[in-house]
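A short worksheet on the structure shown next.
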Amino acid sequence: MGRFNLIVVLSLSLSLCLFPNTISAALQKNYYANVCPNVENIVRDAVTKKFSQTFVTVPATIRLFFHDCFVQGCDASVIIASTGSNTAEKDNPDNLSLAGDGFDTVIKAKAAVDAVPRCKNKVSCADILAMATRDVIALAGGPSYAVELGRFDGLTSTAASVNGKLPAPTFSLDQLNTLFASNGLSQNDMVALSAAHTVGFSHCSRFANRIYNFTLQNPVDPTLNKTYATLLQSGCPKDVDPRIAINMDPNTPQTFDNMYFKNLQQGMGLFTSDQVLFTDTRSKPLVNRWARNSSDFQKAFINAMTRLGRVGVKTAKNGNIRIDCASFN
């Protein structure tokens with residue numbers, strides 16, 4: 001790690017130790033017990049119905065949660081629709097590829113919750129997104145876990161606020177660590193959370209540089225498995241329709257498992273930011289460990305998701321409970 005990045009990570013770690021996120025202390029696992037006691041079952045039923053209609057529900061919801069929490073915290077600001085006077089987060093170029101099924105999952109779950117009289121307008125969109133994310137992971141064969149609740153919805157959403165807040169597919173390990181550390185997340189958390197790429201898909205443009213024009217000497221990224229590179233070129237020819245997308249995991253694309261790490265061991269990480277986790281000696285041991293031990297990975301993933309869910313949480317002082325997830329009250 002470069003000296004500057006090391007200083008950034010250490011200073012962020014120190015600040016987190018000295019000034020813990022007191023807002024996250026407001027989160028609790030049975031937050032709605034007296035307000036809407038059946039909320040988790042209501043959300044799970046709505047998510048399960050959506051999942052039965054399309055598997056895209058899974059990666060779309062997970063990605064929505066990540067993109068929400070990394071910009072202004074986990075406050076459902078990414079769901080806000082743009083208006084004539086404001087271009088919202090979802091219309092930033094980095095968010096235009098977010099699949100509509102993720103937004104639809106939250107909106108339908110919110111409608112199901114609000115259909116219960118005692119729950120109406122009592123549960124935040126941010127909490128519904130957190131619960132829905134847990135539920136889609138479990139529906140795809142991943143671990144289930146208790147979600148901390150008590151988030152309020154954010155009061156602002158601007159496209160400009162997204163800039164520089166999300167990881168790029170070309171990121172190095174130092175860049176990934178610095179970005180995650182800015183959200184209070186460790187390298188272990190980052191590697192565990194990266195495994196969300198075990199489900200979902202990517203548009204060809206996001207990795208075309210690795211299979212056609214990596215360098216003058218090596219048009220194909222030499223860290224790519226040659227057979228896999230050929231497969232990618234066949235699925236993503238140079239003049240490919242920009243709407244075409246391929247699976248992130250070529251082996252078990254519809255199962256949330258530790259295949260992501262096994263793929264990295266074989267040079268089959270789709271993005272540079274994926275494969276670097278194996279090629280960089282600092283993160284390689286974790287990749288090998290979690291490729292071997294699925295239960296160990298699942299524990300680390302649950303811990304990382306819990307910490308991610310605490311990022312930038314809003315309270316009643318700087319948030320509210322949105323009546324409509326896509327618009328401010």
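Between Val58 and Gln254, every side-chain heavy-atom pair lies at or beyond the 4.5 Å cut-off. Side-chain contact between Met268 and Pro250 is present, with at least one heavy-atom pair separated by less than 4.5 Å. Residues Ile211 and Asp221 have side chains not in contact (no heavy-atom distance under 4.5 Å, counting atoms from C-beta outward). Contact check for His203 versus Pro242: no side-chain heavy atoms found under the 4.5 Å cut-off. Counting only heavy atoms from C-beta outward, the side chains of Phe297 and Asn293 never approach each other to under 4.5 Å. A 4.5 Å side-chain heavy-atom check between Ser273 and Leu176 finds at least one atom pair inside the cut-off. With a 4.5 Å cut-off on side-chain heavy atoms, Gln233 and Lys238 do not count as touching. The closest side-chain heavy-atom distance from Ser182 to Phe70 is not below 4.5 Å.
In summary, the side chains of Thr156 and Gln72 do present a donor paired with an acceptor at a separation below 3.5 Å, with no hydrogens or angles considered. Side-chain contact, Thr255 with Asp257: no donor N or O sits under 3.5 Å from an acceptor N or O. Between the side chains of Tyr31 and Asp127, no donor-acceptor pair is found at a separation under 3.5 Å. Between the side chains of Glu89 and Asn95, no donor N or O sits under 3.5 Å from an acceptor N or O. Neither side chain, Arg206 nor Ser97, offers a donor N or O lying under 3.5 Å from an acceptor on the other. In the model, Thr252 has a side-chain atom that pairs as donor or acceptor with a side-chain atom of Asp249 under 3.5 Å. His197 and Asp274 form a side-chain donor-acceptor contact under 3.5 Å, judged by distance and modelled atom types alone. In the model, Gln266 has no side-chain atom that pairs as donor or acceptor with a side-chain atom of Asn225 under 3.5 Å. No side-chain donor from either of Asn38 and Tyr32 sits under 3.5 Å from a side-chain acceptor of the other.
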Criterion side-chain contact (heavy atoms from CB on, under 4.5 Å) on Leu277 and Ser194, from CA distance to verdict: CA-CA 9 Å; Leu277 303 183; Ser194 295; 3.8 Å; yes

Stepwise salt bridge (charged side-chain N to carboxylate O under 4.0 Å, His left out) test for Lys120 and Asp114: CA-CA 4 Å; Lys120 187 175 178 64; Asp114 284 349; 5.2 Å; no

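Under a 4.0 Å N-O distance rule, the pair Lys49/Asp45 does not qualify as a salt bridge. A salt bridge does not link Arg151 with Asp75: every distance from a Lys NZ or Arg NE/NH1/NH2 to an Asp or Glu carboxylate oxygen is 4.0 Å or more. Ion pairing between Asp296 and Arg289 holds under the 4.0 Å rule for side-chain N and carboxylate O. In summary, Arg307 and Asp189 engage in a salt bridge, as defined by a charged side-chain N under 4.0 Å from a carboxylate O. Under a 4.0 Å N-O distance rule, the pair Lys284/Asp280 does not qualify as a salt bridge. Residues Asp101 and Lys108 are not paired through a salt bridge, judged by the lack of any N-O separation under 4.0 Å between the basic side chain and the carboxylate.
Screening Val287, Asn251, Thr198, Asn258 against Asn263 for a side chain to side chain contact (heavy atoms under 4.5 Å, CB included) leaves a single residue, Asn251. When the options Phe256, Trp290, Phe261 are evaluated for a ring pair (Phe, Tyr, Trp, His ring centres under 6.0 Å) with Phe301, the one that passes is Phe256.
Under a cut-off of 6.0 angstrom, the local environment of NZ in Lys299 is sparse, with at most 12 non-hydrogen atoms contributed by other residues, nucleotides or ligands. Around CG of Asn329, the count of heavy atoms belonging to other residues, nucleotides or ligands within 6.0 Å exceeds 12.
Between the side chain of Thr230 and the backbone N or O of Lys226, at least one donor-acceptor pair lies under 3.5 Å.
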